[in-house]
Amino acid sequence: MKNNIILIGYMGCGKTSLGKKLSYKERIALLDTDKMIEQKQGMTVSEIFDEKGEGAFRVMETECLKEIMGYSEKYVISVGGGLPVKEENRELLKELGSVVYLRAKPDTIFERLKNDTSRPLLRGDDPKGKIESMIKQRGPVYELAADCIVDVDEKGYEVIIGEILEALKGSGK
Ligand code: S3P
């Protein structure tokens, strides 16, 4: 098993865009669990939530990690914001490589996602309140799953990428 670089964190923290930049910079191919699931199902994440339910999506996430466990190449892996909530998934992530938590404040997330329609969990009233309470709940879980933490608020991509690479060196994996 190669020491993959895994990006975790709340929706809108930059996992996908930073994953792409990191993948390009380090010349390591990129995997994205949401994209893998969408391709396999032939549906968007929103459609899966609507037609099959969140529970079915959570099962798909664990199956996706197990599939990646069988890959022999090293990857940058961006995972869905809710994936580390399940203990089984956190254990699989630790086995898969170095886990970087991209930590963002609720205000940062709200500013980035206020016009986004692709996140089923943020639909409806009071998205800001939802973001605040979910981050309060999930923050400690992300910390538990992480080998290192990088704060992303008010920083440009280049700075964050530099901090990720620095943090990985110190992560001891
Ligand atoms: C979710 C995050 C989403 C996606 C799904 C559920 C979550 O991924 O997996 O909408 O529970 O936080 P991103 O973090 O890439 O937006």
Side-chain angles (χ1 to χ4, degrees), residues 4-24 29-68 75-93 96-97 99-146 148-153 157 160-161 164:
N4 299 289
I5 300 172
I6 301 148
L7 303 180
I8 66 165
Y10 193 72
M11 291 173 263
C13 70
K15 298 178 298 267
T16 305
S17 28
L18 286 162
K20 279 187 194 149
K21 291 189 190 293
L22 197 58
S23 152
Y24 181 74
L30 177 70
L31 294 176
D32 181 312
T33 58
D34 283 345
K35 299 254 158 50
M36 286 173 74
I37 292 169
E38 286 183 334
Q39 270 163 15
K40 200 163 196 169
Q41 299 297 317
M43 299 162 94
T44 65
V45 170
S46 288
E47 287 165 349
I48 298 170
F49 269 67
D50 288 344
E51 292 175 32
K52 303 193 171 183
E54 181 176 350
F57 177 74
R58 299 302 175 196
V59 172
M60 290 170 198
E61 287 188 311
T62 304
E63 280 168 2
C64 182
L65 288 184
K66 287 183 178 163
E67 187 180 325
I68 299 172
Y75 290 96
V76 172
I77 309 171
S78 160
V79 308
L83 184 145
V85 172
K86 220 200 252 183
E87 190 184 351
E88 181 183 7
N89 293 349
R90 292 199 294 276
E91 282 164 13
L92 288 167
L93 290 178
L96 277 168
V99 183
V100 184
Y101 170 24
L102 301 174
R103 186 164 60 188
K105 293 184 180 136
D107 284 350
T108 307
I109 301 287
F110 178 68
E111 279 310 310
R112 291 186 189 174
L113 296 186
K114 61 184 176 194
N115 298 317
D116 182 285
T117 52
S118 67
R119 267 62 173 215
L121 291 177
L122 297 180
R123 284 185 207 142
D125 295 339
D126 194 18
K128 193 163 190 198
K130 274 186 199 153
I131 292 170
E132 279 165 2
S133 68
M134 283 177 85
I135 290 185
K136 203 167 175 189
Q137 266 187 337
R138 285 185 180 179
V141 177
Y142 292 141
E143 286 176 19
L144 208 59
C148 46
I149 301 174
V150 173
D151 286 307
V152 299
D153 307 281
Y157 284 133
I160 301 171
I161 297 284
I164 292 173

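Side chains included, hydrogens not; waters and symmetry mates left out as well; all remaining heavy atoms used. Quick note: residue numbers are just sequence positions, from 1. Whatever order the structure lists them in is the order used to number ligands and atoms, beginning at 1.
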Study note, to complete from the structure: Applying salt bridge (charged side-chain N to carboxylate O under 4.0 Å, His left out) to Asp34 and not counting sequence neighbours gives none
Exercise for review: Check ligand 1 against Pro120 and write out every atom of the ligand that is under 4.0 Å from a heavy-atom position of the residue.
Suggested key: 10 (O)
Point to revise | Heavy-atom nearest option to atom 6 (C) of ligand 1, drawn from Met60, Arg58, Glu38, Met134 | key: Arg58
Can I get a per-line list of side-chain donor-acceptor pairs under 3.5 Å for residues 130-137, giving both atom names and the distance, sequence neighbours left out?
residue: Lys130; atom: NZ; partner: Arg123; partner atom: O; Å: 2.3
residue: Ser133; atom: OG; partner: Gly129; partner atom: O; Å: 3.4
residue: Ser133; atom: OG; partner: Lys130; partner atom: O; Å: 3.4

Check your understanding: At what distance, to the nearest 0.5 angstrom, does OG1 of Thr108 lie from CG of Asp151?
Key -> 10.0 Å
Check your understanding: Against heavy atoms of Lys15, which atoms of ligand 1 measure under 4.0 Å?
Key -> 13 (P), 14 (O), 15 (O)
Review point. What is the closest protein heavy atom to atom 16 (O) of ligand 1, and at what distance does it sit?
Key: Arg119 NE, 2.8 Å
**Study point:** Atoms of ligand 1 close to Phe57 [distance to a heavy atom under 4.0 angstrom, numbered from 1]
**Key:** 9 (O)
Point to revise | Close-contact set for ligand 1 against Gly82 heavy atoms, below 4.0 Å | key: 1 (C), 7 (C), 11 (O), 12 (O)
Exercise for review: Determine whether more than 12 heavy atoms belonging to other residues, nucleotides or ligands lie under 6.0 Å from atom NZ of Lys86.
Suggested key: yes
Study note, to complete from the structure: Distance col, row Leu65:CG vs Asn89:CG, nearest 0.5 angstrom, shows 5.0 Å
Exercise for review: Could you list the atoms of ligand 1 found under 4.0 angstrom from a heavy atom of Gly80?
Suggested key: 8 (O), 9 (O), 14 (O)
Check your understanding: Would you find a donor on one side and an acceptor on the other, under 3.5 Å apart, between the side chain of Lys15 and the backbone of Gly9?
Key -> yes
Exercise for review: Would you indicate which of Val79, Asp34, Leu113, Val45 comes nearest to atom 9 (O) of ligand 1 when only heavy atoms are counted?
Suggested key: Asp34
Exercise for review: Quick one: look at Leu121 and ligand 1, take heavy-atom pairs under 4.0 Å, and tell me if it's side chain, backbone, both or neither.
Suggested key: side chain
Review point. How close does the nearest protein non-hydrogen atom get to atom 12 (O) of ligand 1, and which residue and atom is it?
Key: Arg138 NH1, 2.6 Å
Check your understanding: Can you tell me how far CZ of Phe57 sits from CG of Leu121, rounded to the nearest 0.5 angstrom?
Key -> 9.0 Å
